[in-house]
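Throughout, numbering of the chain's residues begins at 1 and tracks the sequence.
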Amino acid sequence: MVLTEAMAQYAAQCQDELKQLIRDLCAIPAPSHHEEKRAEFCKKWFEDNGFTNVTIDGALNVIAPLNVTADNPLTVIMAHTDTVFPDTEPMPFSEDDEYLYSPGVGDDTSNLAVLMICSRYYKDNFPGGDAGMLIVANSCEEGLGNLKGSRKIVADYGKRITDFISLDGATLNRVVTRAVGSHRYKVTVRTEGGHSFGKFGNRNAIHVLSTMITSLYAVKVPQHEDSITTYNVGHISGGTSVNTIAQDAEMMYEYRSNDRVCLARMKDMFEKVIEFYRATGVEVEVELIGDRPCGGDVDPVRLEALRDRFRASVKDLFGLETINGSSSTDCNIPLSEGIPAICFGVCRAFGSHTREEKVEKASLELGCKLLLDFLYRQ
């Protein structure tokens, strides 16, 4: 076990501070693309806790560098500031003896708070060496944020990043090493419409869109090796009134896969369905609103070494086996560029992406121990 008595004491002694940090962060609304207030809060926190040269970049990432020179190799460790909720007013927060309750408290506020608290210990007890570290409170992980924060970090530092860690998740023993890519679209159908009685027989955009959805749902998902591929229509709207033949209707549609070949096949299928409806004379507008890549050509030895560090920490600290998973996370971007990357959580949370979300208080100390053990393990 790498965790020292001093690290364990720090993890225990900082719990009141950590819980207050979570309360403070939860009180700051942070929908994707509008994380400005949380970013400013995080920047000030890092500065107040002894970090230097802390910046907020053009994507609203808060970057706290440690031992970073002009060209040394870098580890990136991040947790995202945005929540999946669109609220621009403070969301409700409550707690009892066992849990903290608030929308977004687990995804990803508690993971972010653990990163901040543990990074202070790491700064004060830096192990030395030539490599540097970027501690990042990043933006735009959720939904239509489209991983903007992670993209910016990889674009700015990509060739220097040797390994990349994202703290995001609701368990202490699950690790994501395989990226689930996705394409997301807003599809708008337009027809002539008209009065429901006087122009009966004119094409109805809602009807056309519904048949398009039926066509998309009739597709058999492709299979390649051990791939998992899915699709979904998550939102529809359109029309004017009950006695109006709808002139327009729209939907949000996505497909996902953890395999690049299958993602490409789903794209081809989607485009063929769209072209079929256009050939009938219907106006169909397609807007790409999200594009998350699958993994690229990552050195399997380097990726396995990063995963083994996490496995060893989980085994030594908790006696648990690691669960390997595929997911869509900030790691999609580095993995697509061939950079070894893993994602794991440092708390136990429940009800992710619901307004009943909660975090187990007792898991926060365990999460601090896990992260400190992992950081110092080579």
Any chain of hydrophobic side-chain contacts (each under 4.5 Å) joining [X] to [Y]?
X      : Y      : result
Leu375 : Leu172 : yes
Phe126 : Val68  : no
Phe200 : Val208 : no
Ile339 : Phe310 : no
Val175 : Leu306 : yes

Could you tell me whether the side chain of [Y] reaches within less than 4.5 Å of the side chain of [X], counting heavy atoms only?
X      : Y      : answer
Met269 : Val273 : yes
Met116 : Leu25  : yes
Arg120 : Tyr10  : yes
Leu370 : Leu317 : yes
Cys26  : Ile22  : yes
Gln247 : Thr240 : no
Tyr99  : Val105 : no
Ser150 : Pro334 : yes

Salt bridge [X]-[Y], side-chain N to carboxylate O under 4.0 Å:
X      : Y      : result
Glu98  : Lys361 : no
Glu337 : Lys159 : no
Glu40  : Lys37  : no

- Query: Passes side-chain contact (heavy atoms from CB on, under 4.5 Å), Phe344 versus Ile165? Steps please.
  - Reply: CA-CA 8 Å; Phe344 60 90; Ile165 301 99; 3.6 Å; yes
Polar side chain donor-acceptor pair, [X] to [Y], under 3.5 angstrom:
X      : Y      : value
Thr75  : Asp163 : yes
Asp330 : Asn138 : yes
Ser313 : Asp373 : yes
His80  : Glu35  : no
Thr214 : Thr211 : no
Tyr101 : Asp96  : yes
Asp16  : Gln20  : no
Tyr376 : Tyr121 : no
Arg307 : Thr177 : yes

- Message: Test your reading of the model: is there a side-chain donor-acceptor pair from Arg292 to the backbone of Gly181, 3.5 Å cut-off?
- Response: no
- Taking the side chain from Ser363 and the backbone from Arg348, do they hold a donor-acceptor pair closer than 3.5 Å? yes
List the atom of [X], the atom of [Y], and the distance in Å for their closest heavy-atom pair.
X      : Y      : value
Leu303 : Ala341 : CD1-O, 3.5 Å
Gly129 : Asn67  : O-ND2, 3.1 Å
Gly149 : Ala59  : CA-CB, 4.3 Å
Ile153 : Phe164 : CG2-CE1, 4.5 Å
Val62  : Ala39  : CG2-O, 3.4 Å
Asp24  : Ile28  : O-CG1, 3.4 Å

- Item | Audit row: Glu321, Lys315, salt bridge (Lys or Arg N to Asp or Glu O under 4.0 Å) steps and yes/no | CA-CA 6 Å; Glu321 297 300 324; Lys315 187 70 172 179; 2.5 Å; yes
Return the set of residues passing side-chain hydrogen bond (donor to acceptor under 3.5 Å, both in side chains) with [X] (not counting sequence neighbours), or none when no residue passes.
X      : result
Thr322 : none
Asp259 : His224
Arg184 : Glu254
Arg160 : Asn72

- Would you check, one step at a time, whether the test salt bridge (Lys or Arg N to Asp or Glu O under 4.0 Å) holds for Arg377 with Asp316? CA-CA 11 Å; Arg377 187 179 289 271; Asp316 286 355; 3.1 Å; yes
- Message: Under the salt bridge (Lys or Arg N to Asp or Glu O under 4.0 Å) definition, can you give me all pairs with a residue in residues 73-92, not counting sequence neighbours?
- Response: Asp87-Arg355
- Take Tyr253 and Asn232 through the test side-chain contact (heavy atoms from CB on, under 4.5 Å) and record every step on the way to the result. CA-CA 6 Å; Tyr253 170 73; Asn232 184 58; over 6 Å; no
- Item | Residues Lys43, Glu47; criterion salt bridge (Lys or Arg N to Asp or Glu O under 4.0 Å); working and verdict | CA-CA 6 Å; Lys43 181 175 185 290; Glu47 292 171 339; 2.6 Å; yes
- Item | Option among Glu357, Arg23, Arg38 that satisfies the side chain to side chain donor-acceptor pair (under 3.5 Å) test with Thr109 | Arg38
- Output, in order, the C-alpha distance, side-chain angles, deciding distance and verdict of side-chain contact (heavy atoms from CB on, under 4.5 Å) for Glu95 and Lys19. CA-CA 10 Å; Glu95 60 185 289; Lys19 290 166 191 170; 5.7 Å; no
- Message: Arg265 vs Asp268, test: salt bridge (Lys or Arg N to Asp or Glu O under 4.0 Å). Steps then yes/no.
- Response: CA-CA 5 Å; Arg265 289 176 181 169; Asp268 180 65; over 6 Å; no
- Knowing that exactly one of Leu167, Asp108, Val136 qualifies, which makes a side-chain contact (heavy atoms from CB on, under 4.5 Å) with Leu115? Leu167
- Task: Apply ring pair (Phe, Tyr, Trp, His ring centres under 6.0 Å) to the pair Tyr231 and Phe270, showing each step before the final yes or no.
- Result: CA-CA 10 Å; Tyr231 54 80; Phe270 171 71; over 10 Å; no
- Distance col, row Leu60:CG vs Cys140:SG, nearest 0.5 angstrom, shows 7.0 Å
- Give, for atom SG of Cys14 and atom CD of Gln9, the distance between the pair rounded to the nearest 0.5 Å. 12.0 Å
- Contacts satisfying ring-ring contact (aromatic ring centres under 6.0 Å, His included) that involve residues 38-64 (not counting sequence neighbours) are Phe46-Phe51
- Message: Could you go through His195 and Asn243, starting from their C-alpha distance and side-chain angles, then the distance that decides it, and tell me whether this counts as side-chain contact (heavy atoms from CB on, under 4.5 Å)?
- Response: CA-CA 6 Å; His195 191 280; Asn243 61 337; 4.3 Å; yes
